[in-house]
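Each remark here refers to the structure printed beneath this line.
What you see is a predicted model; the values in this text were computed from it and never measured.
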Amino acid sequence: MARIEIPYYLTPKLGIEMNSGYQLVSVELRDGRLITNLVVKQDRYITGRRDDPDGEGPLLFSSIDICDIQPHAFVFARAMMT
């Protein structure tokens with residue numbers, strides 16, 4: 001299981017936790033990639049993708065790669081407008 005800690009200065013951007021104890025976010029990496037449908041648990045850790053079993057799976061980035069984070073729907077809308 002991946003367990004990537006979200007930088008403390010980005011945690012206020014997470015939004016509201018879903019009923020089942022997780023959040024879906026999109027992450028912009030420093031190299032410009034946008035990764036969507038990521039699961040955040042415990043309001044602090046990215047654990048995998050939405051399609052992974054229990055939202056836990058391998059991820060190919062680390063905490064220091066994260067440039068920005070948004071609740072999933074908002075980043076997707078921004079990406080569609082550009």
Side-chain angles (χ1 to χ4, degrees):
M1 168 181 93
R3 188 171 164 150
I4 299 171
E5 186 170 3
I6 297 169
Y8 72 92
Y9 56 88
L10 293 175
T11 56
K13 297 178 109 182
L14 287 175
I16 298 171
E17 186 175 289
M18 298 175 133
N19 290 338
S20 54
Y22 72 92
Q23 296 161 273
L24 287 178
V25 299
S26 295
V27 170
E28 183 179 351
L29 302 180
R30 295 193 187 282
D31 65 6
R33 288 183 290 160
L34 181 65
I35 303 174
T36 61
N37 289 321
L38 296 175
V39 174
V40 174
K41 294 183 179 179
Q42 300 174 357
D43 293 325
R44 186 78 189 236
Y45 300 100
I46 300 171
T47 59
R49 294 181 179 270
R50 180 176 63 182
D51 296 334
D52 293 333
D54 293 325
E56 299 176 359
L59 296 169
L60 301 176
F61 64 93
S62 66
S63 183
I64 62 171
D65 298 322
I66 299 173
C67 176
D68 196 12
I69 192 166
Q70 295 286 335
H72 173 65
F74 295 115
V75 171
F76 181 73
R78 186 179 84 194
M80 293 296 290
M81 293 188 313
T82 59

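Hydrophobic cluster membership differs between Tyr45 and Val27, with clusters built from Ile, Leu, Val, Met, Phe, Trp and Tyr side chains linked at under 4.5 angstrom. Residues Ile64 and Ile6 do not share a hydrophobic cluster, clusters being chains of Ile/Leu/Val/Met/Phe/Trp/Tyr side chains in contact below 4.5 Å. When hydrophobic clusters are built by joining Ile, Leu, Val, Met, Phe, Trp and Tyr residues whose side-chain heavy atoms come closer than 4.5 Å, directly or via intermediates, Tyr8 is grouped together with Val25. Hydrophobic clustering, with ILVMFWY side chains joined whenever heavy atoms are under 4.5 angstrom apart, groups Leu29 together with Leu38.
Put simply, the side chain of Ile66 reaches to within 4.5 Å of the side chain of Ile4, judged on heavy atoms. Two residues are said to be in side-chain contact when any heavy atoms from C-beta on lie closer than 4.5 Å; Arg49 and Leu59 meet this criterion.
With rounding to the nearest 0.5 angstrom, the CZ atom of Arg50 is 7.5 Å from the OH atom of Tyr22. Arg30 contributes atom CZ, which lies 8.0 Å from atom CG of Asp65 (distance to the nearest 0.5 angstrom). To the nearest 0.5 Å, atom OG1 of residue Thr47 and atom CG of residue Asp52 are 8.0 Å apart. Taking NZ from Lys41 and CD1 from Ile46, the interatomic distance works out to 13.0 Å, rounded to the nearest 0.5 Å. The CG atom of Leu24 sits 9.5 Å away from atom OG1 of Thr36, with the distance rounded to the nearest 0.5 Å. Considering CG of Asp43 and CD of Gln23, their distance stands at 5.0 Å, rounded to 0.5 Å.
Contact check on Asp31 versus Arg33 returns a salt bridge, with a Lys/Arg side-chain nitrogen under 4.0 Å from an Asp/Glu carboxylate oxygen.
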